[in-house]
There are 2 protein chains.
Amino acid sequence: MSQVSRQVARRSAPPRRRTARRRAATTEAIVERIATAIAEHRLPPGTKLGEEALGEIFGVSRTKARQALHRLATDKLVTLLPHRGAFVAQPTVLEAREVFEARRVLEPAVVARFVDVATPDQIETLLEHHAREQAAIATNDARAAQRLLGWFHVLIAEMAGNRVLADVLRELVMRSSLITLLYQTTADSRRSSEEHRELIAHIEKREVEQAVELATRHLERVEAGLALREPSSEVVDLKSALAAAGAG
Amino acid sequence: MSQVSRQVARRSAPPRRRTARRRAATTEAIVERIATAIAEHRLPPGTKLGEEALGEIFGVSRTKARQALHRLATDKLVTLLPHRGAFVAQPTVLEAREVFEARRVLEPAVVARFVDVATPDQIETLLEHHAREQAAIATNDARAAQRLLGWFHVLIAEMAGNRVLADVLRELVMRSSLITLLYQTTADSRRSSEEHRELIAHIEKREVEQAVELATRHLERVEAGLALREPSSEVVDLKSALAAAGAG
DNA sequence: GATTACTTTTTTGTATACAATAGAGCGAGC
DNA sequence: GCTCGCTCTATTGTATACAAAAAAGTAATC
């Protein structure tokens, strides 16, 4: 697994206070910050996440930075290589397929559950979220769009009222954002957001069948937009590439 | 949430070597040991898990013990109370219902997948496992029986070939063992093991419909054997209990 | 005698120090 | 010229030291 040799830029700290950021950040907060940075691909896959560097950035010691990295590793957002450190994960094609298969199992069930219990307030919240999706798309803010499109699924899961399912799905959606980042060919955000709107309509009308069916199709379409073929045996590629390169 | 004030017994260490156990245990090993101890209810819910004590037992420093406890906490097998420490988790009734609902979503899908891909070798492994279940039941080894009955489900998930689903299910099965511990009324191990045997038969004959149906029924029956009613508002109980107690 | 405030002790949370491993840089040898 | 092996450096893994918080114990007051 070739890791990109990129480093998080630690601004050469003018030692202003005792801590770089205002207050001792909680581990939770650090995890959150790094996770969203990964999800919005401000930290591309393969990026080395040094403990020292992160500690400096968040104004904490290596202890906390390390804790955060280990928690991100259990969520599969970073890969830990023994004695080598933490890197933003690079999900394999197999992993990608497995994540989406799991989502195709969970999400229809979650949607079905939600259709039963959805309140007008919750529908309203979903519509507001959808409006934000549209706004992000309209302003060509790809990062925000991607984040919001993913979060829509988590939102429904949380509203459906089963914390266990919601937690699992949140993890899968986060991983999915890494996956789409690596393998997405055509990011048809507009289409996705439209389907979200449709789904809300079905939920509002308590049309379980249609809602479940749409959720499934939606996921299939998203997955179909990925280029999930094996990365054609990197070693061979490397060799031929070098042969052709010459005096590059 | 009232925590039982029980303590892990730290044998008053005669400082034999540098480490209590033979070699520096890996965090993974410690997690595993504690997890199985919980699953087999050698560590009952509410038991305090002190960092120092665990460190002594496994011959490591608090650092590793702490790491292990935090990882167990993410699996929901222990509860962390800030500045108070780690306790063996006491899943609530709500949590129990949610875990089983999640399993009812996942397991039929896993079984369906497995029916498609099952090899004779895998069937053989399942039969061997079933034999071990029977042996444990025959010798009245309730702990082993409970552990094996749970692990059967994990085994199928792992064989089904989707690592994501398998990981999620493993976590849920572990939590389930805590739940059955707390809420189980009638532990009909014999019946469960019989259903496992039936399921293997369906899988072997590639009878998807029946296999999925049985998996669902099996889970429903297990859940039905739990007393998942709210623990009648502890405060009130406490009050009346004390009034009645008098000179106990 | 029970309750409250204070002190002591224990345990967790965090930072730092030390040990061990991997990688880079550099030189010698074929 | 390339490879092999050494040293040196940088980073991770682990233990310990210190700080902070909660619990337990104790004394004083009503």
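Below, read A as the first sequence line, B as the second, and so on, with proteins coming before strands; counting in each chain starts at 1.
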Asker: For DNA chain D, which residues in residues 63-70 of chain B have a heavy atom at a distance below 4.0 Å?
Answerer: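 Of all residues in residues 63-70 of chain B, the ones placing a heavy atom under 4.0 Å from DNA chain D are Thr63(B), Lys64(B).
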Asker: Crowded around Arg97(B) CZ? As in, over 12 foreign heavy atoms under 6.0 Å?
Answerer: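 Enclosed.
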Asker: Can you check the Glu28(A) CD to dG13(C) P distance for me, whole Å?
Answerer: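 Atom-to-atom, Glu28(A) to dG13(C), this comes out as 14 Å.
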Asker: In this structure, how many angstroms lie between the P atom of dT16(C) and the CD atom of Glu52(A), rounded?
Answerer: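 Distance check: Glu52(A) CD to dT16(C) P gives 10 Å.
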Asker: If only side-chain N and O atoms of Arg62(A) are considered, is one of them under 4.0 Å from the OP1 or OP2 phosphate oxygen of dA15(C)?
Answerer: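 Result: no.
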Asker: Tell me which nucleotide among dG13(D), dA23(D), dT14(C) gets nearest to the side chain of Arg84(B).
Answerer: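 Among dG13(D), dA23(D), dT14(C), the one nearest the side chain of Arg84(B) is dA23(D).
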Asker: What integer distance in Å separates Leu80(A):CG from dT12(D):C1'?
Answerer: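 After rounding, the gap between these two atoms is 11 Å.
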Asker: Under 3.5 Å, is there a donor-acceptor pair linking the side chains of Ser177(A) and Arg147(A)?
Answerer: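 No - no donor-acceptor pair under 3.5 Å links their side chains.
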Asker: Closest heavy-atom contact between Tyr183(B) and Pro91(B)?
Answerer: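 In this case the closest contact between Tyr183(B) and Pro91(B) is OH-O, 2.7 Å.
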Asker: How long is the straight-line distance from OG1 of Thr180(B) back to CZ of Phe100(B), given to the nearest 0.5 Å?
Answerer: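 The distance works out to 6.5 Å.
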Asker: Using the closest heavy atom to pick a nucleotide of DNA chain C for each, name whichever of Pro82(A) or Ala86(B) lands nearer the 5' end.
Answerer: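 Between the two, 5'-proximity favours Ala86(B).
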Asker: Using a 6.0 Å cut-off, check whether atom CZ of Arg163(A) has over 12 heavy atoms from anything other than its own residue.
Answerer: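 Check fails, neighbour count at 12 or below.
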Asker: Whole Å only: how far is the CG atom of Leu81(B) from the P atom of dT10(C)?
Answerer: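 One finds 21 Å between P of dT10(C) and CG of Leu81(B), rounded.
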Asker: Taking C-beta and beyond as the side chain, do His153(B) and Arg170(B) meet within less than 4.5 Å on heavy atoms?
Answerer: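 No - every pair of side-chain heavy atoms lies 4.5 Å or more apart.
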Asker: Any luck finding a side-chain donor-acceptor pair between His70(A) and Gln67(B) under 3.5 Å?
Answerer: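 Absent: no donor and acceptor within the cut-off.
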Asker: Consider the side chain of Val60(B), meaning its heavy atoms from C-beta on, and name the nucleotide among dT12(D), dA15(D), dT11(C) that approaches it most closely.
Answerer: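 So the side chain of Val60(B) is nearest to dA15(D).
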Asker: Give the rounded distance in Å between these two atoms: CZ of Phe58(A) and P of dT14(C).
Answerer: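 Spelled out: CZ on Phe58(A) to P on dT14(C) is 15 Å.
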Asker: Using whole Å, report how far CD of Glu51(B) lies from P of dT16(D).
Answerer: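 Whole-Å distance recorded here is 15 Å.
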Asker: His83(B) side chain: which of dT12(C), dT12(D), dA21(D) is closest?
Answerer: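 When the side chain of His83(B) is considered, dA21(D) is the closest of dT12(C), dT12(D), dA21(D).
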